[in-house]
Participant: 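Following this message is one structure expressed as structure tokens.
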Amino acid sequence: MSDPPEFRIGQRVHSAGDYRRIGTVKYVGPVEGYKGKWVGVDWDNADGGKHDGSLNGVRYFHAESEKSGSFVRPSNLSAGITLLKALEIRYKSISTQEEEDEMYVFSASNRRVSVQLLGKDKIQDKLSRFEELASASLFYLGVSSSGPPYQISATIPNLKELDLTGNLLSDWKDVGAICEGLPALVALNLTNNLIAHDILGLPQLRNIRVLVLNNTGIKWIQVEMLKCSLPVIEELHLMGNKLSAITPPSSDIVQGFDSLRLLNLEDNCIADWNEILKLSQLKSLEQLHLNKNSINCLWYPEYDTVHDQLGCESVETSGRPFQNLRCLLLGGNNIEDLASVDSLNSFPNLKDIRLSENQIADPGKGGLPRFVLIARLAQVDMLNGSEVSRRERKDSEIRYVRLVMSKLHDHPEEITLLHPRFLKLKEFHGIEDEKPSTGAAGPQKMASGLISVTLKCVGASMGEKPPLTKKLPAATTVGKLKILCESFFKLKSVKPVLFLEEEGSPLPTVLDDDMATLIDVGVGNDSTVLVDEES
């Protein structure tokens, strides 16, 4: 019988037989009241243990949460395997007859029908020829070390993409050894590997162009240390690392990363836009992903300010801030001011913007409907993941101009201040000011404000009713339209709920403010309103 493995403090382990139950060793030794040696583990899952590192009044270690710690016998833990062993498990293991017998579907008569994989042997044969592998996915297999680099290079010499999500790698030296043994490797995914902060001794990763470090606990100071080892990096993913600050070592501006085109900082804790401005001189940066942070406002930096932050030596080589940025994703933040939206026009090449899940872009919370965002954003051709067509832009801008005219016709001095693009759009589309009528004012004014709206019943209990197109005054309130829908569609004992269906929006917008007018909520000429029922 072999001796149980030895464990050390800080080592990453997984539960024997369960690759996904991963934790960090926090204690090795006796536990009062129990025989033998125990390993205190702080599991990654906050509810994966039984206590916080103390047992029967004795503190052995400090766990991250109240229920993430537990004591485990060494024989019930695994310290992991080498990369090559994981390759054999993933690609050379043969399914047993028992496993194949368990592969079935249910027929229409609820009988089991066995599933046969056509070409399975051919696929298995191809995958088992490691020298031909260009891509390998070894997620959650307990990989903790590289093994001899020369064996790696001899076994999988042509591997270009490697996914090591959810393994036990905790030392950058092991990462470096893996990359040294894979000379063709260009993309490496290390998501959910809790890697030590010490990056000293990491070799040059000369061919790595895509590096994914999501949920690895990395901080920006380590990112700066990695920079020297990643001379050709093009994509860097840093999601879920609780980053709140960008901390360059020698100035207020991040420098280097000359090939970096995409930087993913989603699902972090960045609240201050000044932290993001430190990235403004990444000259090749085209995509910046900032979804799910805590940003509440943004602005475009002054050119002189960036020069001052760079210092004299770097001024000659600096360019316009964010000079090549074409995609900025800001969904799920706390942006609520118009100035932040308007400032996006100052970014010289910005075409793709995401503002969804911000108050400013949520009409239900007093934010702007899609057509207003399109009109205010002059350059955008992709908004919230949907393409802005030429027709949608034209319609949006015309609706926006008419909306502003209806709201501020008595306060022209406020228009330029609150709506910077209004005058330019009004002139571009040839929209004239409304002239006061001279005869019977009532009917003429009413007719000039009519809009064509298509109403579609979608409620489950409403039955199949053909759509209706009606000309309505733009000043009609949402509440009035609900009453009209009850009459138009002869709805009895059904309380209607209205939704505005807009081109380019994945979901319709609920119209829940009964006092708001149609033009207030973005209903314009040729709009479609869905008539549903309260659940």
Side-chain angles (χ1 to χ4, degrees), residues 12-15 17-22 44-45 78-96 99-100 102-103 115 117-149 151-172 174-195 205 207-218 230 233-241 262 264 266-267:
R12 297 284 283 165
V13 295
H14 68 75
S15 181
D18 188 350
Y19 293 121
R20 290 180 177 268
R21 192 177 186 222
I22 300 173
D44 291 355
N45 183 348
S78 172
I81 57 178
T82 66
L83 176 72
L84 291 180
K85 181 63 178 175
L87 274 169
E88 290 182 7
I89 292 174
R90 179 71 78 199
Y91 294 109
K92 282 196 173 180
S93 60
I94 305 299
S95 57
T96 65
E99 289 172 331
E100 293 189 8
E102 286 298 310
M103 298 177 64
V115 175
L117 296 178
L118 296 178
K120 182 196 71 172
D121 294 338
K122 188 179 292 186
I123 295 172
Q124 191 71 48
D125 178 61
K126 183 175 182 179
L127 290 175
S128 65
R129 295 200 298 271
F130 287 167
E131 69 277 4
E132 297 181 14
L133 271 184
S135 176
S137 182
L138 304 178
F139 54 88
Y140 291 100
L141 280 177
V143 176
S144 60
S145 62
S146 62
Q151 287 187 9
I152 298 176
S153 58
T155 306
I156 41 176
N158 296 307
L159 198 70
K160 295 181 179 180
E161 299 176 357
L162 178 59
D163 184 352
L164 290 171
T165 294
N167 282 285
L168 306 181
L169 293 167
S170 59
D171 195 318
W172 282 103
D174 288 316
V175 175
I178 289 173
C179 293
E180 279 191 312
L182 298 171
L185 192 67
V186 295
L188 177 62
N189 188 347
L190 296 172
T191 294
N192 290 340
N193 285 269
L194 198 59
I195 305 177
L205 310 180
N207 295 318
I208 297 294
R209 299 182 182 277
V210 179
L211 182 60
V212 184
L213 298 174
N214 299 337
N215 302 306
T216 57
I218 195 168
L230 299 167
I233 190 72
E234 295 179 4
E235 289 189 21
L236 183 58
H237 298 262
L238 303 172
M239 293 175 61
N241 286 304
L262 185 155
N264 187 347
E266 291 188 16
D267 197 18

Participant: For a 4.5 angstrom cut-off between non-hydrogen side-chain atoms, does Ile156 reach Leu182?
Facilitator: yes
Participant: To the nearest 0.5 Å, tell me how far Leu188 CG sits from Leu205 CG.
Facilitator: 8.5 Å
Participant: Using the side chain to side chain contact (heavy atoms under 4.5 Å, CB included) rule, take Ile22 and Arg12 through it: C-alpha gap first, then chi angles, then the decisive distance, then the call.
Facilitator: CA-CA 7 Å; Ile22 300 173; Arg12 297 284 283 165; 3.4 Å; yes
Participant: Starting at CG of Leu162, measure out to CG of Asn189 and round the result to the nearest 0.5 Å.
Facilitator: 8.5 Å
Participant: Atom CD in Glu88, atom CG in Leu83: separation rounded to 0.5 Å?
Facilitator: 10.5 Å
Participant: Treating Asn207 as the side-chain partner and Pro183 as the backbone partner, does any N or O pair qualify as donor plus acceptor under 3.5 Å?
Facilitator: yes
Participant: Apply side-chain hydrogen bond (donor to acceptor under 3.5 Å, both in side chains) to Ser145 and list each qualifying residue two or more places apart in sequence or on a separate chain.
Facilitator: none
Participant: Between CG of Asp44 and CZ of Arg20, what distance do you get to the nearest 0.5 Å?
Facilitator: 12.5 Å
Participant: For Asn167 and Leu164, which heavy atoms make the closest approach, and how far apart are they?
Facilitator: ND2-O, 3.0 Å
Participant: Ignoring hydrogens, what is the shortest heavy-atom contact between Phe130 and Tyr91? Give both atom names and the distance.
Facilitator: CE2-CB, 3.7 Å
Participant: Any chance you could measure Leu84, atom CG, to Ile89, atom CD1, to the nearest 0.5 Å?
Facilitator: 11.5 Å
Participant: Judged by atom type as modelled, is there a donor-acceptor pair below 3.5 Å linking the side chain of Asn264 to the main-chain atoms of Leu238?
Facilitator: no
Participant: Quick check with a 6.0 Å cut-off and a 45 degree axis cone: is Arg90 positioned over the face of Phe139's six-membered ring?
Facilitator: yes
Participant: Return the minimal non-hydrogen interatomic distance between Leu230 and Leu211, and the atom names on each side.
Facilitator: CD1-CD2, 3.8 Å
Participant: Would you indicate whether the side-chain heavy atoms of Glu180 and Ile152 approach each other to under 4.5 Å?
Facilitator: no
Participant: Have a look at Leu169 and tell me which of Leu190, Thr216, Asn192 forms a side chain to side chain contact (heavy atoms under 4.5 Å, CB included) with it.
Facilitator: Leu190
Participant: For the CD1 atom of Ile233 and the CG atom of Leu236, what is their distance to the nearest 0.5 Å?
Facilitator: 6.0 Å
Participant: Mind listing the closest non-hydrogen atom pair of Leu185 and Cys179 along with its distance?
Facilitator: CD2-SG, 4.2 Å
Participant: Would you name the heavy atoms of Ala136 and Leu87 that are closest together and state the gap between them?
Facilitator: CB-CD2, 4.2 Å
Participant: For Val212 and Glu235, run side chain to side chain contact (heavy atoms under 4.5 Å, CB included): C-alpha distance rounded to whole Å, both residues' side-chain angles, the deciding distance at 0.1 Å, then the answer.
Facilitator: CA-CA 8 Å; Val212 184; Glu235 289 189 21; over 6 Å; no
Participant: Name all residues meeting the side-chain hydrogen bond (donor to acceptor under 3.5 Å, both in side chains) criterion together with Thr82; count only those two or more places apart in sequence or in a different chain, and write none if there are none.
Facilitator: none
Participant: Are any non-hydrogen side-chain atoms of Asn193 and Val175 less than 4.5 angstrom apart?
Facilitator: no
Participant: Identify the heavy atoms of Asn158 and Glu131 that sit nearest to each other, and give their distance.
Facilitator: ND2-O, 2.8 Å
